[in-house]
Structure formats: C-alpha cells, structure tokens
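Positions are given from 1, in the same order as the sequence printed here.
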Amino acid sequence: MAPPVSPARTRAHDLAAASAAGRAALGWLHTARFLTTAAQLHQLPPLEVPEIAFVGRSNAGKSTAINTLTQQTQLAYASKKPGRTQHINLFALGRQGAMDAVLADLPGYGYAAVPQADKERWQRVMASYLVTRPNLAGVVMLCDPRHGLKELDEVLLEVIRPRVEQGLKFLVLLTKADKLNRSEQAKALSIARLQVGGGEAMLFSALKRQGVEQAALWLRALVDEAGAGAQDSSIE
C-alpha cells in the first residue's frame with residue numbers, strides 16, 4: 001500500500017502544474033503579430049477563429065496590458081493623446097505562422113479631449129462590433145480599480161449582456177493594482193465581481209506582474225473552449 005500523499009506535496013504539485021500552464025499560455029500569447037487595422041466595421045476581415053476584444057476607457061492601461069500579456073513592448077500602440085486612436089486593430093495568435101485566435105484592440109473611450117461627435121460615432125461603431133461580430137468569443141474590459149466602473153463601462157456591459165447570456169465570455173481586468181494596498185485590492189475586486197454578472201474579475205499589474213499568468217490562462221482556456229465548441233457543432 002502506497003503511503004498517503006501529504007497536502008503540502010499536493011499543493012506544491014498543483015502550483016507547479018499551474019505555473020507550467022501559465023508559462024505555456026504566455027508563450028502562446030507571445031506569438032501575437034499585427035494582422036490588420038480598420039476604421040469601419042465593413043473593413044474587418046471575416047474570420048472563423050475565436051476573437052477576443054480588449055475594451056476600456058482611454059486611461060485604463062489597455063495598451064500596456066496587451067503588451068504585457070504578449071511580452072511585446074510596442075504591439076499595441078499607446079497614443080500620447082488618449083482617445084485619438086480610432087481604429088480597431090487585430091492581432092493574430094498562433095504558433096509557426098498558424099492562426100488559431102485573434103486579439104482585437106478597440107479604441108479607448110470616454111476621453112474628454114475628443115470631440116463629442118467623434119465620441120458618439122465610435123460608441124456606435126463599438127456597440128455594433130460587440131453585438132454583431134460573428135466570431136467574437138470573449139471581451140476583456142480594462143478598468144482602473146481606483147476609479148471603478150464608470151457610466152460608459154456600465155453602458156458597454158449592458159450592450160454585451162445578451163451575448164454574455166448566450167455564452168460570450170467576459171472578464172474585467174483591474175489594471176494598475178499595484179497602486180492599491182492589499183485591503184484596497186480586495187475591496188475593489190469584491191465590488192467588480194458584484195458588477196460583472198455572468199463574467200469574471202481579476203487584479204492585474206503590469207509593473208508587479210500580478211495576475212499576468214492568470215489572465216493568460218483565462219485567454220487560453222477561452223480559445224480552447226471555443227475551438228472545442230466549433231468541433232462539436234461540425235460533428236452535429
């Protein structure tokens with residue numbers, strides 16, 4: 001009879017496995033490369049692979065989060081004038097030149113210096129994208145936990161709620177978590193989890209590498225699940 005495995009040894013094994021999976025997920029994200037940019041929805045190429053959209057206010061740290069997750073310093077462009085970049089940028093993911101998923105970097109919203117007409121136009125474009133993009137499999141909303149979800153964030157949540165109820169995956173990534181102490185982080189995370197009905201929330205810090213592997217695992221699992229679902233549909 002084999003001796004019982006201690007709980008400490010089991011936890012160590014689980015942590016090692018999780019770390020290996022996290023590194024593999026980050027290695028996959030590192031394959032990201034520019035695919036195309038579009039100023040209008042009709043300019044986006046029709047794709048069948050899972051697409052994950054990154055959205056957020058102009059000062060939420062979206063570009064930094066994308067660059068951190070893909071381990072590339074300039075993949076996502078961080079404008080010196082937040083809110084001025086008004087294109088949807090697509091990045092292909094996949095090893096050895098294959099494409100098994102796409103990241104979509106949507107324009108930041110809510111920046112005061114942008115003319116109202118431009119704000120409204122891009123809000124309509126983004127809403128239409130989130131509602132109609134056929135291969136959209138997940139949405140990652142970037143939010144500064146020091147300020148919480150703002151009105152436009154909540155509007156976006158309402159826009160995607162019907163698709164979330166139909167299975168669209170949704171994650172709120174609380175960026176700049178290093179700006180908060182531990183108790184403030186716990187409070188911000190608790191509040192965010194209450195606000196994202198049907199979705200998930202995580203703390204994230206590019207500076208401290210907090211939540212980076214966790215977010216990478218979430219993205220990898222989403223794509224794996226979407227791929228499995230597509231295979232099941234084809235079999236039927």
Any Leu47 side-chain heavy atom under 4.5 Å of Met99 side chain: yes
Taking Arg161 first and then Glu158, would you say they form a salt bridge - that is, a charged N and a carboxylate O separated by under 4.0 Å? yes
Evaluate side-chain contact (heavy atoms from CB on, under 4.5 Å) for Glu225 paired with Leu222, printing each intermediate quantity in order. CA-CA 5 Å; Glu225 183 177 334; Leu222 183 159; 5.9 Å; no
Any non-hydrogen side-chain atom of Arg220 less than 4.5 Å from a side-chain atom of Leu217? no
Smallest heavy-atom separation, Asn67 atom then Leu75 atom, equals OD1-N, 3.1 Å
Is there a side-chain contact between Arg163 and Leu130 (heavy atoms, below 4.5 Å)? no
So which atom in Gln72 and which in Ala32 form the shortest heavy-atom distance, rounded to 0.1 Å? NE2-O, 2.7 Å
Side chain to side chain donor-acceptor pair (under 3.5 Å) between Ser19 and Arg23, worked out: CA-CA 6 Å; Ser19 181; Arg23 289 194 299 271; 2.8 Å; yes
Kindly list each side-chain donor-acceptor pair under 3.5 angstrom involving residues 197-206, sequence neighbours excluded, with atom names and distances?
unit_1: Glu200; atom_1: OE2; unit_2: Trp218; atom_2: NE1; d: 3.1
unit_1: Ser205; atom_1: OG; unit_2: Asp178; atom_2: OD1; d: 2.6
unit_1: Ser205; atom_1: OG; unit_2: Leu207; atom_2: N; d: 3.4
unit_1: Ser205; atom_1: OG; unit_2: Lys208; atom_2: N; d: 3.0

Can you name the closest pair of heavy atoms from Ala104 and Tyr129 and give their distance? CB-OH, 3.4 Å
With rounding to the nearest 0.5 Å, note down the distance linking CE in Met141 to CG in Leu106. 11.0 Å
Minimal non-hydrogen separation, Asp105 against Ala76, with atom names: OD2-CB, 3.8 Å
Applying side-chain contact (heavy atoms from CB on, under 4.5 Å), can you list everything that pairs with Arg146, at least two apart in sequence or on another chain? Asp144, Lys176, Lys179, Leu180
Between Val159 and Met126, is there a side-chain heavy-atom distance shorter than 4.5 Å? no
Inspect the surroundings of NZ in Lys169 and state if more than 12 heavy atoms from other residues, nucleotides or ligands are less than 6.0 Å away. no
Shortest non-hydrogen contact between Ala137 and Pro50, atoms and distance: CB-CB, 3.9 Å
Nearest heavy-atom pair of Arg209 and Thr68: which atoms, and what distance? NH1-CG2, 3.6 Å
Quick check: do Thr70 and Phe91 have side-chain heavy atoms less than 4.5 Å from each other? no
Between atom CD1 of Ile88 and atom CZ of Phe54, what is the distance when rounded to the nearest 0.5 Å? 14.5 Å
Heavy atoms, side chains only, cut-off 4.5 Å: are Gln210 and Gln185 in contact? yes
Do the side chains of Ile52 and Val223 get nearer than 4.5 Å, heavy atoms only? yes
Interatomic distance, Glu51 atom CD to Arg133 atom CZ [nearest 0.5 angstrom]: 4.0 Å
Ignoring hydrogens and geometry, is there a side-chain-to-backbone donor-acceptor pair from Gln71 to Leu69 under 3.5 Å? yes
Does Leu156 belong to the same Ile/Leu/Val/Met/Phe/Trp/Tyr cluster as Ile191, with side-chain heavy atoms less than 4.5 Å apart forming each link? no
When you measure from the side chain of Thr31 to the backbone of Leu93, do you find a donor-acceptor pair of N or O atoms at a distance under 3.5 Å? no
Does the side chain of Leu168 come within less than 4.5 Å of Ile160's, by heavy atoms? yes
Throw together a table of side-chain donor-acceptor distances under 3.5 angstrom for residues 37-45, partners on residues two or more places apart or in other chains.
unit_1: Thr37; atom_1: OG1; unit_2: Asn89; atom_2: OD1; d: 2.6
unit_1: Gln43; atom_1: OE1; unit_2: Ala39; atom_2: N; d: 2.7
unit_1: Gln43; atom_1: OE1; unit_2: Gln40; atom_2: N; d: 3.1

Could you check whether any side-chain N or O of Thr175 sits under 3.5 Å from a backbone N or O of Leu142, counting only pairs where one atom can act as donor and the other as acceptor? no
Can you tell me how far the NZ atom of Lys62 sits from the CG atom of Leu173, to the nearest 0.5 Å? 12.5 Å
